[in-house]
Number of protein chains: 2
Amino acid sequence: MPTDITCRNCPLRTAPPFAGQEGRTLAFVEAFRKDQRRYDAGQTIILEGASESPLMTVFSGWAFRYRTLSDGRRQILNFLLPGDFVGLQQELDAAATHGVDALTGLVACVFDRRRLWTLYEDFPRLAYDLTWLCAHEELIVDENLVSVGQRRASERIAMLLIHLYKRGSALGLCESGVLNLPLGQQHIADALGLSLVHTNKTLRRLRLAGLIELDGGRLRIGELGQLQRLADYYGLPERPRPLI
Amino acid sequence: MPTDITCRNCPLRTAPPFAGQEGRTLAFVEAFRKDQRRYDAGQTIILEGASESPLMTVFSGWAFRYRTLSDGRRQILNFLLPGDFVGLQQELDAAATHGVDALTGLVACVFDRRRLWTLYEDFPRLAYDLTWLCAHEELIVDENLVSVGQRRASERIAMLLIHLYKRGSALGLCESGVLNLPLGQQHIADALGLSLVHTNKTLRRLRLAGLIELDGGRLRIGELGQLQRLADYYGLPERPRPLI
DNA sequence: CGTACTATTGAATCGGGTCAACGTCTGTGG
DNA sequence: CCACAGACGTTGACCCGATTCAATAGTACG
């Protein structure tokens, strides 16, 4: 992967919000993207409660968005993969109501907040894609809320693993059926509203049932069909090509 | 309330996304809003899984957005009050992944989907507000996910009631400290991932503790401070005035 | 008055949480 | 090279919050 990435050779150009752009639009996007930042695994990208936070997308690496209660209980809201906006929400709102931490080494593209309005004025297509991206992230959170509210432990874990596997797969992060999953069991527990211990035991049962292989961060789905039936899975819509 | 409502005299004009608009913009919005529909309490507004659904806002009344698993378990994702968009998500995506039901008699303004692109091209301010609205709805779902994932039953209920009371209050739906809450206990249970029975018993305890009064759909918050402490509440940002 | 829906309450049960101990691996410093 | 600490995963025992089953009211409605 080249050290100096420009929007012109960005491997994410096939995905929204910046898919199929060229000429004037591409030039704008390159000016809009004012910086690139690197984070280490475990590093905080956006501090929970920070009054203002940068506007950016994940270029490479994994991160997660979370909120913490005052006694330390933590809820992971969703996971961020390459192409995802980091906190579209807090950008538009005043203060960050949630934090974002890197799960792996991560590179992010930082955009110039002052040009956001120009984007809306002069590049309606990008504005539309931005809205679309925001709506899509809400769908993911919806999905997770259904899991945490209605599914039992094994179903929740099945659901999450299917979901992450499919997302990783769509981004070309899988090699011969194996996805490198940079999550600890505590992350899975916090995302699903389960205790660490119970997450561990449930993972064990799924492994014994031959439904998944998960070891040292390497995930292989053994029986996709069976796993989907267990989770009562019906996928999120694929990222469709937006308007026009 | 006048039967024939135009955007010009719309009582929601003080709220996003159509706040402070005038002249050309207002004219566009009036053309954009092609219809008005009425729904009865309990009626389905958007059928879960429908391939296409209208684009609209709630003008008056309450509704809720939900998803159902194949065995009937239902998760309520959020409640919709006047000024909320009905399924901004499914609009931008292909199919509706969730249903919307009316809780009360409800009036909705239906917009002309074909002009959505014109909105983005010619009215960037409206486009921005649309994105903002979408981001704000995600914050509400986030909030609910934190509750369902991390809070215990009494905390969840406290949180939900505070949240709905504040929203109702901001819309002028409270009279002398009492909000008319058109939810059954089953709705509360489904929103919070609790069983009906346990919801009932927890409500009883909150009532006995003098924290709330809830009877026949009339909600009064007895001890707001105490309730907020119980829920570990920190509010969502107020709807700020968007960009410019 | 019967039907149907919503609220209420008790009793039994269970999924998942909590506590606690132990193993494994890795890095670090004496 | 070994001792130790810290992070993470694993496993057992026990307990509790919440679910499920079940029965009873109250109320609206035709």
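Reminder, nothing fancy here: chain letters follow the sequence lines and each chain counts from 1.
- The number of heavy atoms from other shown groups lying within 6.0 Å of CZ (B:Arg207) is above 12.
- As rounded to whole Å, 11 Å separates atom P of D:dG9 from atom CG of A:Leu181.
- Of the residues listed (A:Ile76, A:Asp84, A:Val100), the one engaging A:Arg65 in a side chain to side chain contact (heavy atoms under 4.5 Å, CB included) is A:Val100, and it is the only one.
- One can place CD of B:Gln150 at 15 Å from P of C:dG16, the figure rounded to the nearest angstrom.
- Residue A:Gly216 is out of contact with every strand shown, counting any heavy-atom pair closer than 4.0 Å.
- As a whole-Å value, the separation of B:Leu192 CG from D:dT19 C1' is 15 Å.
- Contact record, B:Ala191 with B:Gln75: O-NE2, 3.0 Å, taken as the closest heavy-atom pair.
- With rounding to whole Å, B:Asp190 atom CG is found 11 Å from D:dT19 atom P.
- As rounded to whole Å, 14 Å separates atom P of D:dG17 from atom CG of B:Leu194.
- The only option from B:Asn200, B:Asp190, B:Thr199 that meets the side chain to side chain donor-acceptor pair (under 3.5 Å) definition with B:Gln185 turns out to be B:Asn200.
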**Request:** Indicate for each nucleotide in nucleotides 5-15 of chain C, in 5' to 3' sequence, whether protein heavy atoms under 4.0 Å reach the base (B), only the sugar-phosphate (S), or nothing (-).
**Result:** --SBBBB---S

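- When heavy atoms are screened at a 4.0 angstrom cut-off, B:Gly42 is found touching no nucleic acid atom at all.
- No more than 12 heavy atoms of other residues, nucleotides or ligands lie within 6.0 Å of CG in B:Asp215, so this atom counts as exposed by the packing criterion.
- In this structure, the side chain of A:Arg151 does not engage the main chain of A:Ala158 through any donor-acceptor pair within 3.5 Å.
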